[in-house]
Amino acid sequence: MRNYLYSLFNRAAQKLDYLKDVNIIFTVPQQENHGDFSTNIAMLLSRKLKRNPREIASEILAVLEIDNRIIEKTEIAGAGFINFFFTKSYVSNLTKVIIESGESFGRSDKYKGKRAQVEFVSANPTGPLTVGHGRNAVTGDTIANLLTAIGYKVDREYYFNNAGRQMRVLGDSVRLRYLELLGEKIEFPEDYYQGEYIKEIAKKLLDEYGDNLKDESADEKFKERAEQEIFIEIKGTLNRLNIIFDNYFNEHSLYEEGRIKELLELFSKRNLSYEKDGAVWLKFSELGNEQDKVIVKSTGEPTYRLPDIAYHITKYERGYDLIVDLFGSDHNATYPDVMAALKALGYDTGKIKVLIHQFVTITQGDEIVKMSTRKANYITLDELIDEVGSDVVRYFFNMRSITSHLNFDIDLAKKQSDENPVFYLQYAHARIASILRMAQEQGLDISTENLHLLETDEEQRLLKKLYQYPEEVMLSAENYEPHRICVYLEELAALFHKFYTVCRVIGSSKDLAEARIALIVATKTVIKNGLSLLGVSALDRM
RNA sequence: GCGCCCGUAGCUCAAUGGAUAGAGCACGUGACUUCGGAUCACGCGGUUGAGGGUUCGAAUCCUUCCGGGCGUACCA
């Protein structure tokens, strides 16, 4: 529909000079009586041409070579909007396109040949994933799905660090629990990892090694085993959400391959760093950021910034056209440094898209559940999946815009009722499946021969909505906004349910019934395609 | 203090700078002897935190306040 309008305006531009080189936007008006599409172009041109917008609009309308089999009516409205009303037969014929495209309806090859990387989760293996990580995981995976849908070849990557202070504390936490199990009196420091899982790992080591690890240091068996066990659990959790990474990138490899050292030398050679108080500083203040920051501590150990920068350089080297980083808002201070450093080294930071999602607040009833991995008074992602299921988890994390704080009410998510939008969508899908089963028993088949019979308001509204789906996918993907898909699907499902209450499939004349079957098959296709982008299952029965 | 994000109906949230700011839930009233009532229809509900500005037009952009979240390390 939109394409037809563009072609109309392209031809018109040959007659009206002021239509050349202008970016014309067609929107779907909020109100139905404003048409199927609307453009504000006359109002935008009004200033440039210093003329009345309605006058411009009528001039434009006069030169449009409109096919009245496609567009039934045009009008100039309000301050100078041009509204277009499509014919019912044109709209109902769109069903065919959806049926023929099937699973690929909504996909695009706009970015075919481009490669993207999405880095997300990236939690260090110090404990089970929390609900906070859940939002990151689901958002990242869905964005990867969306980018795939518009043509990118996408790699999902998980960056982690198994060296450093955090991990030493982890190893020592296990060691102390182990000694405790051996009956020693130990004092467990408050800032150590308090979780039950530490005790479980200690118990495993005890079962396997008896007291042979008594004098072992925290950094070896204890840490290694902790990392191994925790990673197995993390991957298991992600797997339950159908999240599979293409690559796990270990920060440590940057040291092993000498990348850290190289980078340090490069900074020095480019005169971007200096030494002070026994530490190495990077001149961020000269790169436009607030202040210089330490990249190598006086102990000789790099801070996280240095490997972060080195890591991003590998992303460039691996040839990605688009690099997406997804962080929680607690990391919002770290990326400007990385970006500034990359820019100073001559990398095109325009390729990097940093996404920051806001925090998840977990409420249970009226109570806010505070989160802290170390104190272990959190609800794990696994527990959440146990409670509400993976479909609900994925849907809830996707349904809010990432800039918005997300309130996850566990009690509400648990309710398998109409308070829960996931079921509304799945119900629509199952309902269609049910009609199709029954239609088959009655010997009715799908047919696109008599689509023009789909002419009630309910059918036309549903069709127009269906046909908007590809644009919605494109907008969601290009703007990194998974929640748009949820909003769209809820509107679509509502239109289907309205159709259902007004229009009967079985019981109508054969021609009409078979045309309506085409319509509901198209609806089922779009719901399924949309849910699949979100990673939520579409059920034929529930 | 400074930086990023947020503030929209009782609650949870939508809304490319567009036309009368929309959904869901909650609340109230209705709707099946025929395709799944996990549904649908109608109603109630708003000074878009407050003030100023930009323009044909602002929830959206700028600015000053107020309130909340997250940061602001030689932690990651």
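In the text below, chain A, chain B and the rest are named by the order of the sequence lines, each starting its count at 1. As the structure is a prediction and not an experimental result, all values here were calculated from the model.
- Scanning for side chain to side chain contact (heavy atoms under 4.5 Å, CB included) contacts around A:Glu490 gives A:Tyr395, A:Pro421, A:Leu425, A:Cys486, with sequence neighbours left out.
- Remark: the A:Tyr304 side chain and the B:A76 base include a donor-acceptor N/O pair separated by less than 3.5 Å.
- Of the possible donor and acceptor atoms, none in the side chain of A:Glu59 sits under 3.5 Å from a partner among the backbone N and O of A:Glu55.
- Looking at heavy-atom distances under 4.0 Å, A:Arg484 makes contact with sugar-phosphate atoms alone, never a base.
- Between A:Arg305 atom CZ and B:C74 atom P there is a gap of 6 Å when expressed in whole angstrom units.
- A:Tyr274 has its OH atom 11 Å from the P atom of B:C74, to the nearest Å.
- Contact annotation: side chain of A:Asn40 to base of B:A19, donor-acceptor pair absent below 3.5 Å.
- Take the nearest nucleotide of RNA chain B for A:Ala333 and for A:Pro29: the residue whose nucleotide is more 5' is A:Pro29.
- Residue pairs satisfying the ring pair (Phe, Tyr, Trp, His ring centres under 6.0 Å) criterion with at least one member in residues 456-493 of chain A, sequence neighbours excluded, are listed as follows: A:Tyr469-A:Tyr488.
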Next item on the list: Any chance you could encode RNA chain B as dot-bracket? Rule is Watson-Crick or G-U wobble with both distances under 3.5 Å; [ ] for pairs crossing earlier ones, | for another strand.
Entry: (((((((..((((....[...)))).(((((.......))))).....(((((..]....))))))))))))....
Interface polar pairs with nucleotides 6-9 of chain B, N/O, under 3.5 angstrom:
none

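- Evaluation of the side-chain hydrogen bond (donor to acceptor under 3.5 Å, both in side chains) test over residues 327-342 of chain A, restricted to residues two or more places apart or in two chains, returns A:Asn289-A:Asp337, A:Lys293-A:Asp337, A:Arg305-A:Asp337.
- If you check every strand for non-hydrogen atoms under 4.0 Å, A:Val505 touches a base.
- For A:Glu455, the side chain to side chain contact (heavy atoms under 4.5 Å, CB included) partners two or more places apart in sequence, or in a different chain, are A:Lys88.
- A donor-acceptor contact under 3.5 Å is formed by the side chain of A:Ser38 with the base of B:A19.
- Within the structure, a side-chain polar atom (N or O) of A:Lys297 is placed less than 4.0 Å from OP1 or OP2 of B:C75.
- If you check distances only, the side chain of A:Ser434 never reaches the base of B:C35 with a donor-acceptor pair under 3.5 Å.
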